[in-house]
Amino acid sequence: MNLDRLWINCLIILILIITTLFIIPNQVQATSVLSVNNTNVIQDNFLGVNAVYHGFAYMPEEESKGMNDNYRKIEFNRVQNMNLHIARTWYRPDFACGDDLMNTFDWNSIKMKAFYAWCQEMKDRNIDIAINPWWSSGNNADVWWGGQSGQWETYLPRFSEWVSESLNQLINVRGFTNIKYVILLTEGSQDYLDVGKPSEFISLWDWHKKIIENVHTKLVEDNRRNLVKIVGPNNGNGGENFQEAAMDCSNEIDILSGHNYNLKDYNACYHEAKKMVDYAKLINKPMWFDEYGDTDESLRASPLYGNYIGQAVAGFMNAGCATSMLWLLFDQGYPYPLDKMSNEDSFYNGIHEWGTCYWLPKSIEPRPSFYAFSMISKFMGGIGTKVYETTGSSDVYISASKQLDGNWSFLVVNGSNSEKNISVNLSVDINKRLYRYLYDPKLIQADVKAEIISHDKVFNKVLNNLTDIIPPKSLVIYSSINDSHTGLSVFNNINGIFKFVLACIILLSIILIVVTVSDDRPKR
């Protein structure tokens, strides 16, 4: 054996190992300490992480643009797999009465049958529905008021009659008992197109309020008020008229709701929601953050949008919201009068491209954010879930929930551009095995299967602490729910990569030594 050659090879191997140690980025020095006070419930009936998902799949306008049974099956399966709890949908008077609210209601029209078919799909999947029988007091007023917005006093009773009879037809006659909410209105105090204004003697908010009061009164008269909960005022700009709704309509509204867009991070989402939750508490009502998202189309197409959604959800949960609703779940084709609309709000010939998935006739491969939202929807709980008080660090955020069946889930979001060591400390032992579900924007790979992220790590018998390392801009769910399917699981952190590379180097080194020794053996 040539000892000199062997020592040279060993030296080369040692240099490779040391070089590898320095090439791999240094591990984070400080640990982000995250606390969960799992004795202090801040929301005792969390309804899950939900979304705006319109009942358009069977509408003729969608079918004319390529929607068919195959795409519908894909869409419905995705909704079911993510365990969506509530779908909020547009529902318009013209589905039943055409272009004038005074027309006779046709409950067997093409569009009503299309809506029934979608409602049945949701019922089959145990998904509740929140119907929106109004979509802005401005740009759609002509349909509600028969093209004569000045006749609102004449048309308002007819509108309330239509809402009441709709609930009768949908719930009592056709059995869609999963329709549990009516949202009044949608940005009803805003007037985008300068049409639909009532007379100068009544403010837009007063008009909005009269609609809420009139619908409530009509449902009481018809003995249908118990069929649904009324949600409102559903106004934007940080809950415009939210305080007025809390003070003026506390007898009519069961759930207060409001929204805003382009909230840049966790803190902005938390504070925006918290001020509305505090108003709702004054009248002992739950609060929904009924829309959110970012208007930057390039961000929505980016894997980083998954982190944005995670920060928003954590902020809304920690503020005490009963639910939040992403705008939109999927790209969708709208029926008349928006079926041909194109504008700067990502409408392209009637397709609203705001979803976590593309318009299916365009592409069945989802956007990266689908994997983040679907994972959160699936594991953070539904109706009856309790949300607990938490404390995060300056750039790592945590929310905690316990479901009715006793399962715990912890959503941790890394808002920084650095890998983070984290320590999650609980005030009371939970004695659970926790599975880690990781969304890493750098490694996520979308494909046509659109499977929910599978767990990649297991923490056995967690009592009151777990420690981990999470990648930059990632979101992680630690849950006692074992979703042991064969779905997407990313090879996820720098520690794992380091160990893999080091193992490969050691293996190659052993092979090199064996080959060297073999070559130096005397030949016979």
*Asks:* Just grab all the salt bridge (Lys or Arg N to Asp or Glu O under 4.0 Å) pairs involving residues 251-265, residues at least two apart or on different chains.
*Replies:*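 As it turns out, the salt bridge (Lys or Arg N to Asp or Glu O under 4.0 Å) pairs with a partner in residues 251-265, which skip direct neighbours, are Arg225-Asp254.
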*Asks:* Within the side chain of Lys123, is there an N or O that forms a donor-acceptor pair under 3.5 Å with the backbone of Thr177?
*Replies:*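 Checked: no pair found.
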*Asks:* With side chains defined as the heavy atoms from C-beta onward, is the minimum distance between Asn235 and Phe242 less than 4.5 Å?
*Replies:*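 Contact flag for Asn235/Phe242 side chains = no.
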*Asks:* Any salt bridge between Glu291 and Arg88, counting N to O under 4.0 Å?
*Replies:*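 So Glu291 pairs with Arg88 through a salt bridge.
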*Asks:* Thinking salt bridges, do Asp69 and Arg72 make one under a 4.0 Å N-O criterion?
*Replies:* yes
*Asks:* Considering residues at least two apart in sequence or located in another chain, which fulfil the side chain to side chain donor-acceptor pair (under 3.5 Å) criterion with Tyr279?
*Replies:* Gln243
*Asks:* Without swapping roles, check the side chain of Asp331 against the backbone of Gly355 for a donor-acceptor pair under 3.5 Å.
*Replies:* yes
*Asks:* In terms of the angle between their ring planes, are Phe56 and His54 parallel, tilted or perpendicular, with boundaries placed at 30° and 60°?
*Replies:*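 It falls in the parallel class, under 30°.
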*Asks:* Which residues pass the ring-ring contact (aromatic ring centres under 6.0 Å, His included) test with Phe373, not counting sequence neighbours?
*Replies:*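 For Phe373 there are no ring-ring contact (aromatic ring centres under 6.0 Å, His included) partners, ignoring immediate neighbours.
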*Asks:* Under the side-chain contact (heavy atoms from CB on, under 4.5 Å) rule, collect the residues that match up with Val277, sequence neighbours excluded.
*Replies:* Lys281, Met287, Cys321
*Asks:* Decide side chain to side chain donor-acceptor pair (under 3.5 Å) for Asn407 and Ser409; before the verdict, give the C-alpha distance in whole Å, the side-chain angles of both, and the deciding distance to 0.1 Å.
*Replies:* CA-CA 7 Å; Asn407 276 305; Ser409 291; over 6 Å; no
*Asks:* Mark yes or no for whether Tyr266, through its side chain, and Ile398, through its backbone, hold a donor-acceptor pair below 3.5 Å.
*Replies:* no
*Asks:* State, with a plain yes or no, whether a side-chain heavy atom of Trp354 is found less than 4.5 Å away from one of Thr295.
*Replies:*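 Counting from C-beta outward, Trp354 and Thr295 do come under 4.5 Å.
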*Asks:* When the aromatic ring centroids of Trp90 and Tyr334 are compared, is their separation below 6.0 Å?
*Replies:* yes
*Asks:* Checking Cys357 now: which residues fulfil side-chain contact (heavy atoms from CB on, under 4.5 Å) with it, not counting sequence neighbours?
*Replies:* Arg78, Phe330, Pro366, Phe370
*Asks:* Kindly say whether Ile253 contributes a backbone atom to a donor-acceptor pair with the side chain of Lys285 at under 3.5 angstrom?
*Replies:*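 Yes.
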*Asks:* Quick one: side chain to side chain donor-acceptor pair (under 3.5 Å) partners of Gln332, sequence neighbours excluded?
*Replies:* none
*Asks:* Partners of Ser324 by side chain to side chain donor-acceptor pair (under 3.5 Å), sequence neighbours excluded?
*Replies:* none
*Asks:* Check the pair Asn38 / Ser427 against side chain to side chain donor-acceptor pair (under 3.5 Å), numbers first and verdict last.
*Replies:* CA-CA 6 Å; Asn38 49 330; Ser427 61; 2.7 Å; yes
*Asks:* Does anything in residues 464-483 pair up under ring-ring contact (aromatic ring centres under 6.0 Å, His included), and if so which pairs, sequence neighbours excluded?
*Replies:*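 As it turns out, the ring-ring contact (aromatic ring centres under 6.0 Å, His included) pairs with a partner in residues 464-483, which skip direct neighbours, are Phe459-Tyr478.
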*Asks:* Between His259 and Ser257, is there a donor-acceptor pair closer than 3.5 Å when you use the side chain of the first and the backbone of the second?
*Replies:*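 No, because the side chain of His259 does not come within donor-acceptor range (under 3.5 Å) of the backbone of Ser257.
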*Asks:* For Asn70, what residues pass the side-chain contact (heavy atoms from CB on, under 4.5 Å) criterion, not counting sequence neighbours?
*Replies:* Asn68, Ile74
*Asks:* May I have the step-by-step check of ring-ring contact (aromatic ring centres under 6.0 Å, His included) for Tyr91 and Trp118, ending in yes or no?
*Replies:* CA-CA 12 Å; Tyr91 174 69; Trp118 178 83; over 10 Å; no
*Asks:* Determine whether Asn421 and Thr467 satisfy the following criterion, side chain to side chain donor-acceptor pair (under 3.5 Å), listing intermediate values before the conclusion.
*Replies:* CA-CA 7 Å; Asn421 283 320; Thr467 59; over 6 Å; no
*Asks:* If the condition is side-chain contact (heavy atoms from CB on, under 4.5 Å), which residues does Arg125 pass it with, not counting sequence neighbours?
*Replies:* Phe76, Asn77, Gln80, Glu121, Ile127
*Asks:* Got a sec, which residues hit side chain to side chain donor-acceptor pair (under 3.5 Å) with Tyr292, two or more places apart in sequence or on another chain?
*Replies:* none
*Asks:* Quick one: does any side-chain atom of Thr323 pair with a main-chain N or O of Leu47 as donor and acceptor, under 3.5 Å?
*Replies:*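 No: the side chain of Thr323 does not pair with the backbone of Leu47.
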*Asks:* For residues 393-403, which residue pairs pass the side chain to side chain donor-acceptor pair (under 3.5 Å) check, not counting sequence neighbours?
*Replies:* Asp395-Lys420
